[in-house]
**Q** 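The structure that follows is given in the form of C-alpha cells.
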Amino acid sequence: MDMEKLVSLCKRRGFLFQSSEIYGGLNGFWDYGPLGVELKRNIKDAWWRDMVTAHDEMSVTPGAPATYEMTGLDCTIIMHPQVWKCSGHYDLFCDMMVDCKDCKSRFRADHLLAIELQFPNSKETDAPHVLLGGTGEKEEIIERHKKKLKKLVRVHGDYLTLSGFMTYGQLNEDGRKKFICPECGQQGNMTEPREFNLMFKTIVGAMGTENDAAFLRPETAQGIFVNFKNVVDSTRVRIPFGIAQVGKSFRNEITPRNFTFRSREFEQMEIEFFCHPDSSRDWYEYWRDRRMRWYTELGLSGDRLILREHAEDELSHYSCGTADIEYAFPFLTEGEFGELEGIAHRGDFDLRSHMEGKLVKNEEGCLVLETGPDGKPKYKGSGRDLTYRDDQAKERFTPHVIEPSAGADRATLAFLCEAYTEDEQPNDKGQMQTRVVMKLHPRIAPIKAAVFPLVKKDGMPEIAQGIYRDLKKRFNVFYDEKGAVGRRYRRQDEAGTPYCITVDGQTLDDQTVTVRDRDTLEQWRVNVADVVEEIAGRVG
Ligand code: ATP
C-alpha cells in the first residue's frame with residue numbers, strides 16, 4: 001500500500017489534518033477531522049467496552065474469584081511533580097540527541113544511521129573513511145549524499161565499498177569526526193550526543209518560579225498508581241483486578257514523523273492490572289494474548305501483526321517480561337514493524353516507588369532506594385501504605401502489576417492502513433474504474449450506514465429521510481441525495497461505510513429498499529420497517 005495515497009485520502013475525506021495547518025502546521029501535532037474523530041472514538045469505545053464494562057473473561061489464577069474485575073479512572077494531565085521524580089521519568093525519560101552545529105538540524109542519536117564507506121585500495125594513507133548520515137533506508141541515504149560521493153570518488157579515483165551500518169549513538173569519537181550531516185552535508189560537525197528529557201514543562205500558578213514547574217504527563221499510567229489506594233478503599237474490588245484509563249499524553253519527541261505514528265501529543269489506552277506476586281507470570285501471559293486477540297478481532301491480522309517478546313537485555317530494570325504488539329506499517333522498510341502496544345510485567349516497582357521513593361537496581365539485582373551524594377534518598381516517596389490486605393487469605397503484600405499500554409493514535413493509523421484497498425469496478429457508464437474502499441470493521445467504521453433516494457422525486461427523498469431519522473437514533477448514519485448514485489456509493493466506500501440503503505422505484509410499490517454491502521458489493525432487499533434491525537444485526 002502506498003502511504004502517500006492514504007495520507008491524501010485522510011486529508012481529502014476528513015480523517016486527519018495537520019494541526020494549525022493555515023499557519024504552516026506544527027510538527028508532531030495532528031487534528032482528527034469529522035470522519036477521523038468518529039473512527040478514533042469508536043476504537044477507544046471498543047477498547048473500553050471489551051476491556052472494562054463488557055469484559056466477562058475468567059480468572060487465570062487458581063483460587064481467585066472466577067472472573068476478575070475491571071474499573072476505570074480519569075486522572076489529570078498535570079500531576080504533583082514528585083510523581084515523576086519517584087516514577088523515574090524526571091531523571092530517566094530521556095532520549096539522546098545530536099545537533100548539526102552548521103545547519104542546526106536535530107536528530108535522535110539512535111535513529112540517525114551511519115553508513116560506513118571505505119576506499120580500500122587507495123594508495124593514499126589517509127584514504128577517506130566516510131560516514132554518511134541519514135534517517136531513511138540505505139539507498140535513500142546514499143542518494144542524498146550523491147554529490148559528495150562523486151567528489152570523493154573523483155579525488156581518490158578508487159573503489160568505494162560499504163563496510164558498516166550503525167547508528168550515530170554507536171559511533172566512537174573517531175567515527176563521529178567522519179560523520180556527514182544528512183541535512184547540510186558538513187563533515188564532523190555534530191555535537192556530542194546529550195540527554196534530552198521528553199517531558200513538556202509548564203508552570204502552575206502566577207509566581208512563575210522554578211518551584212512552580214510541573215510537567216504534562218508522558219503516560220497515563222502514573223495517575224492509576226497514585227490512586228490505587230483510593231480505588232481499593234472506595235470500591236469493593238479485590239485482587240486480581242485492573243484499572244483502565246484513556247487519555248492524552250505528551251512527549252517532546254525529538255523527531256516526530258511517520259504521520260501520526262510518532263506525535264508529540266497523543267492518546268493512550270492503558271490498563272494497570274494488580275495481582276498477587278505468585279500469579280503475576282500467568283497474568284502477564286494472559287494479557288499478552290488477550291490484547292493480541294483484540295486487534296485481530298477488529299480486523300488486523302495476517303503477517304502484518306506480530307507479537308514480539310523482548311529479549312532479556314531489552315527489558316527495563318524492573319521488568320521480568322515485556323512483549324510488544326507490532327504492525328508492519330507501510331512507511332517502514334520491508335521486514336520492519338512498529339509498536340502498537342507494549343505489555344509489561346512491572347513487578348511491584350511502581351507501587352513501591354510511590355511508597356518509598358525512586359528505586360534503582362543494586363549489584364545483586366534488587367530494587368533499592370536511590371541515594372543522593374549526601375547518602376539520603378534522592379527522591380522521597382509519599383510515605384503512604386500502598387500494600388494490599390487479602391482478608392480471606394489473611395495476607396498483606398505489595399501487588400505486582402501487568403501493564404498493557406496501547407496508543408489510540410497508532411491503533412487508528414494501523415486500522416486505516418489495513419483498511420485501505422483498491423479494486424476495479426464498473427462505473428455508472430459500465431467502464432472499469434479503480435475503486436478506493438476503506439474496509440474498516442463495522443464496529444469502528446465512522447458511519448455505519450448511508451441512506452440515498454435514487455432520484456430526488458416521486459416521494460423517494462421523504463421515505464429515505466424517514467429511514468435516516470430512524471437509524472440516527474441508534475447509529476452514526478449519513479443522508480445523501482446529491483449526484484449520481486454510483487458517485488454516492490464511491491464516496492461512502494472511501495469513508496468506510498459498511499452499508500448503503502437506497503430507496504428506489506420498487507420501494508413505492510412494495511415498501512422494500514436495497515441494502516448494499518461495501519466489501520462484497522452484494523445487494524438485497526429489506527422491508528422499510530426492518531431496516532433498523534437489519535443494520536443493527538450487522539454492525540453490532
Ligand atoms: P516508542 O519506542 O515507539 O517511542 P515507547 O516504547 O516509548 O514507544 P510506551 O512508553 O510503551 O512507548 O507507550 C505505550 C504506547 O503509547 C506505545 O505502544 C504507542 O502506541 C503509544 N505511544 C508512545 N509514544 C507515542 C508517540 N510519540 N506518538 C504516538 N503514540 C505513542
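Note that these values count all heavy atoms, side chains included, but never hydrogens, waters or copies made by symmetry. Counting convention: from 1, in listed order, for ligands and their atoms alike.
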**Q** May I ask you to say whether E418 pairs ionically with R304, meaning some side-chain N is under 4.0 Å from a carboxylate O?
**A** yes

**Q** Output yes when D174 and K178 qualify as a salt bridge under the 4.0 Å nitrogen-oxygen rule, no when they do not.
**A** yes

**Q** For R108 and ligand 1, does the shortest N/O to N/O distance drop below 3.5 Å?
**A** no

**Q** How far is atom 14 (C) of ligand 1 from its nearest protein heavy atom, and which residue and atom name does that atom have?
**A** S405 OG, 3.0 Å

**Q** Which heavy atom of the protein is the closest neighbour of atom 16 (O) of ligand 1, given with residue, atom name and distance?
**A** Q268 NE2, 3.2 Å

**Q** Got the closest protein heavy atom to atom 28 (N) of ligand 1, with its distance?
**A** S263 N, 3.0 Å

**Q** Taking the six-membered ring for Trp, are H55 and Y68 ring centroids under 6.0 Å apart?
**A** yes

**Q** Taking the six-membered ring for Trp, is the centroid-to-centroid distance between H400 and H276 below 6.0 Å?
**A** no

**Q** On the 0 to 90° scale, with breaks at 30° and 60°, tag the Y90-F215 ring pair as parallel, tilted or perpendicular.
**A** perpendicular

**Q** At the 4.0 Å heavy-atom cut-off, does E219 count as touching ligand 1?
**A** no

**Q** Should the pair R293-E57 be classified as a salt bridge under the 4.0 Å nitrogen-to-oxygen rule?
**A** yes

**Q** Please say whether R262 places an N or O atom under 3.5 Å from an N or O atom belonging to ligand 1.
**A** yes

**Q** Please confirm whether E339 comes within less than 3.5 Å of ligand 1 when only nitrogen or oxygen atoms on both sides are compared.
**A** yes

**Q** Nearest protein heavy-atom contact for atom 29 (C) of ligand 1: which residue, which atom, what distance?
**A** F261 O, 3.2 Å

**Q** Using 4.0 Å as the upper bound for N to carboxylate O, is an ion pair formed by E192 and R176?
**A** yes

**Q** Against heavy atoms of R251, which atoms of ligand 1 measure under 4.0 Å?
**A** 5 (P), 7 (O), 9 (P), 10 (O), 12 (O), 13 (O), 23 (C), 24 (N)

**Q** In the protein, what heavy atom is nearest to atom 21 (C) of ligand 1, and what distance, to one decimal place, separates them?
**A** G407 CA, 3.8 Å

**Q** So for ligand 1, is L340 a polar contact partner (N or O within less than 3.5 Å, distance only)?
**A** yes

**Q** Checking side chain to side chain donor-acceptor pair (under 3.5 Å) for the pair Y379/D91: CA distance, chi angles, key distance, verdict?
**A** CA-CA 11 Å; Y379 301 122; D91 288 340; 3.0 Å; yes

**Q** Considering non-hydrogen atoms of the protein only, which is the closest contact for atom 19 (C) of ligand 1, and what is the distance?
**A** R410 NH1, 3.6 Å

**Q** For the pair E267 and R41, find out whether any cationic side-chain nitrogen is under 4.0 Å from an anionic carboxylate oxygen.
**A** no

**Q** For ligand 1, find out whether one of its N or O atoms is nearer than 3.5 Å to an N or O atom of F266.
**A** no

